[in-house]
Protein chains: 2
Amino acid sequence: MKLTKRQRQTELKKSIIENPFVTDEELSAEFDVSVQTIRLDRMELSIPELRERIKHVAVKTFEDEVKSLPIDEVIGEIIDIELDEKAISIFDVKPEHVFQRNQIARGHHLFAQANSLAVAIMNEELALTVKSELQFLRPVKAGQRIVAKATVIDRQPEKNRAFVKVVSTVDQVTVFIGTFEMYRMTEQSEGEVG
Amino acid sequence: MKLTKRQRQTELKKSIIENPFVTDEELSAEFDVSVQTIRLDRMELSIPELRERIKHVAVKTFEDEVKSLPIDEVIGEIIDIELDEKAISIFDVKPEHVFQRNQIARGHHLFAQANSLAVAIMNEELALTVKSELQFLRPVKAGQRIVAKATVIDRQPEKNRAFVKVVSTVDQVTVFIGTFEMYRMTEQSEGEVG
DNA sequence: CTGATATTAGTACCAAGTGCTAATAGCGGG
DNA sequence: CCCGCTATTAGCACTTGGTACTAATATCAG
């Protein structure tokens, strides 16, 4: 005996999920039934035709790509700054900043907020990050607001260096700590850093 | 005057890149030419038909999904991966990634590439970064291609930890080194990390 | 005015379907 | 053994979004 209708439909579903690019004709060969039977099965299971399945997959990923573009100019909004001393910025975590699977913010957004704040605090035309140590203490989820507070903890003007500590909190709970060794870039030495 | 052939083809290319789901008929309306002209244009530009374009997008993401890791959420493009061992990704630095004043890439892009590669290499549903140490050795400019190589240097399965080292180079010159302490997220402990 | 290029029109054909009708197969109960 | 039911198969017209090809027309430049 070939397979009961029910069994075949179960397997059909699996097959299509596993490989959405399969045609009715290929499925008809796989299950040794007519193409019409496959089509009836798809109808009963509400499985769309090949082209619609492909399109669906494509639209999904296309939208994902559009979403994953961000990280543009300034990350977060600076709400207070005293150059060379301290600065505060806020960053609202939105759906596009988190892992889809568990809604936890991806690390580079926390880093980006902290790092751009460290850059901003430098009273300099431009500053570059040289070294950094980070601790991701607690996961941050979509909908939460991260408050990052940066403080200049050490200055070495002769070496064009400054050290900045950034503590990020959500509802007064520390979620991230980063220390940044910053290089003050003056106009005569644009090329190298290390 | 409508548009020259050349102008139209340039715009056509843009239109299709922006929205690969557009049909020849829609394009013919957009540019006020016949469907045949659109088809000739596509031929000259070697742009495949709608269904092939959609399929291409779908196949791309489907293959990514089959590898079943958050590869679709990686910054940069993964060109080689051996789960739990090593991985390589490339990231092309574009104008939107650099400081306008001196064309140097912002640090968080280098971090994002390295960190997401560290996440991808973990053979795990989801991994989170716990700690990280970074060195920005040389500035990277727009137009350059960063090659990041990640290696798992230590595993502590009992603690759900792994240590990943990422070295990023431009033209064989090391520009960035990062070490990441990663937390393997298993289904029973979803909540806390620190 | 002649040629070359660009554009449009029209036909036949294809893949992978939908939607519909109709025929047939297999089996179980009375 | 026939009735009724479900399952399966077959066939046809039609759809989308094209390809491949031929032929006619438009436009412009020398």
Side-chain angles (χ1 to χ4, degrees), chain A residues 1-69, chain B residues 1-68 71-72 77:
Chain A
M1 172 130 185
K2 291 207 285 195
L3 274 178
T4 68
K5 191 183 179 182
R6 198 144 304 217
Q7 288 174 318
R8 190 189 56 239
Q9 292 194 344
T10 313
E11 294 303 311
L12 188 74
K13 216 169 183 170
K14 274 198 245 172
S15 271
I16 293 177
I17 288 171
E18 196 188 308
N19 174 23
F21 302 91
V22 68
T23 62
D24 286 359
E25 197 152 340
E26 289 165 348
L27 289 164
S28 108
E30 182 181 337
F31 293 103
D32 195 23
V33 292
S34 71
V35 173
Q36 283 75 5
T37 302
I38 296 294
R39 289 182 181 158
L40 285 173
D41 284 349
R42 275 201 298 100
M43 287 199 190
E44 288 182 22
L45 300 169
S46 306
I47 297 172
E49 61 162 302
L50 169 67
R51 288 157 182 159
E52 290 305 312
R53 295 195 299 266
I54 290 180
K55 198 170 172 182
H56 189 77
V57 175
V59 167
K60 212 177 61 187
T61 55
F62 189 70
E63 284 173 351
D64 276 359
E65 271 176 26
V66 170
K67 234 200 301 187
S68 72
L69 280 176
Chain B
M1 174 133 183
K2 289 206 287 198
L3 274 178
T4 69
K5 192 184 179 180
R6 200 143 300 215
Q7 288 174 316
R8 187 187 58 238
Q9 291 192 346
T10 312
E11 294 304 311
L12 188 75
K13 217 169 184 172
K14 273 198 247 171
S15 270
I16 293 177
I17 287 171
E18 196 189 310
N19 174 24
F21 301 92
V22 67
T23 62
D24 287 358
E25 198 153 337
E26 289 165 348
L27 289 165
S28 108
E30 182 180 338
F31 293 103
D32 196 23
V33 292
S34 71
V35 173
Q36 281 76 4
T37 301
I38 296 294
R39 286 179 184 163
L40 285 173
D41 285 347
R42 274 201 298 100
M43 288 198 185
E44 289 181 22
L45 299 170
S46 307
I47 297 172
E49 61 161 300
L50 169 68
R51 285 158 183 157
E52 290 306 311
R53 296 196 299 267
I54 290 180
K55 200 171 172 180
H56 189 76
V57 175
V59 166
K60 213 177 61 187
T61 55
F62 187 71
E63 282 174 352
D64 284 354
E65 273 176 23
V66 166
K67 285 178 197 160
S68 96
I71 286 175
D72 53 333
E77 190 187 348

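So you know, we letter chains A, B, ... as the sequences are listed, proteins then strands, and number each from 1.
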Interatomic distance, A:His56 atom NE2 to A:Ile54 atom CD1 [nearest 0.5 angstrom]: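 One gets 13.0 Å once the value is rounded to the nearest 0.5 Å.
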
If I take atom [atom1] in residue [X] and atom [atom2] in nucleotide [N], what distance separates them, rounded to the nearest angstrom?
| X | N | atom1 | atom2 | result |
| --- | --- | --- | --- | --- |
| B:Lys5 | D:dA26 | NZ | C1' | 14 Å |
| A:Gln7 | D:dT8 | CD | P | 11 Å |
| A:Leu27 | C:dA16 | CG | P | 12 Å |
| B:Glu49 | D:dT19 | CD | P | 5 Å |
| B:Lys55 | D:dG18 | NZ | C1' | 14 Å |

Counterpart residues, salt bridge (Lys or Arg N to Asp or Glu O under 4.0 Å), relative to [X] (two or more places apart):
| X | result |
| --- | --- |
| B:Arg53 | none |
| B:Glu11 | B:Lys14 |
| B:Asp41 | B:Arg8 |

Side-chain donor-acceptor contacts of residues 44-51 of chain A below 3.5 Å, not counting sequence neighbours, with atom names and distances?
residue	atom	partner	partner atom	Å
A:Glu44	OE1	A:Lys5	NZ	3.3
A:Glu44	OE1	A:Gln9	NE2	3.0
A:Glu44	OE2	A:Lys5	NZ	2.9

A:Leu12 to A:Arg42 - nearest heavy-atom pair and separation: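 So the minimum-distance heavy-atom pair works out to CD2-N, 4.3 Å.
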
Partners meeting side chain to side chain donor-acceptor pair (under 3.5 Å) with B:Glu25 (sequence neighbours left out):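 With sequence neighbours excluded, B:Glu25 shows a side chain to side chain donor-acceptor pair (under 3.5 Å) to no residue whatsoever.
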
For B:Ser15, all residues meeting side chain to side chain donor-acceptor pair (under 3.5 Å), sequence neighbours excluded: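 Partners of B:Ser15 under the side chain to side chain donor-acceptor pair (under 3.5 Å) test: B:Glu30.
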
DNA chain D-proximal residues of residues 34-48 of chain A, any heavy atom under 4.0 Å: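 Hits under 4.0 Å, by residue number: A:Ser34, A:Gln36, A:Thr37, A:Leu40.
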
Which residues share a side-chain contact (heavy atoms from CB on, under 4.5 Å) with A:Gln36, sequence neighbours left out: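 Checked A:Gln36 against side-chain contact (heavy atoms from CB on, under 4.5 Å); matches are A:Ser34.
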
Summary of protein contacts for nucleotides 21-28 of chain C, nucleotide by nucleotide, where a base hit scores B, a sugar-phosphate-only hit scores S (4.0 Å, heavy atoms): --------

For nucleotides 14-16 of chain D, which of its nitrogen or oxygen atoms have a protein nitrogen or oxygen under 3.5 Å away, and what is each distance?
residue	atom	partner	partner atom	Å
D:dT16	O2	B:Arg51	NH2	2.5

Sugar-phosphate only, base, or nothing, as touched by B:Arg8 at under 4.0 Å among non-hydrogen atoms: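 Sugar-phosphate: the residue B:Arg8, judged by heavy atoms under 4.0 Å, touches backbone atoms but no base.
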
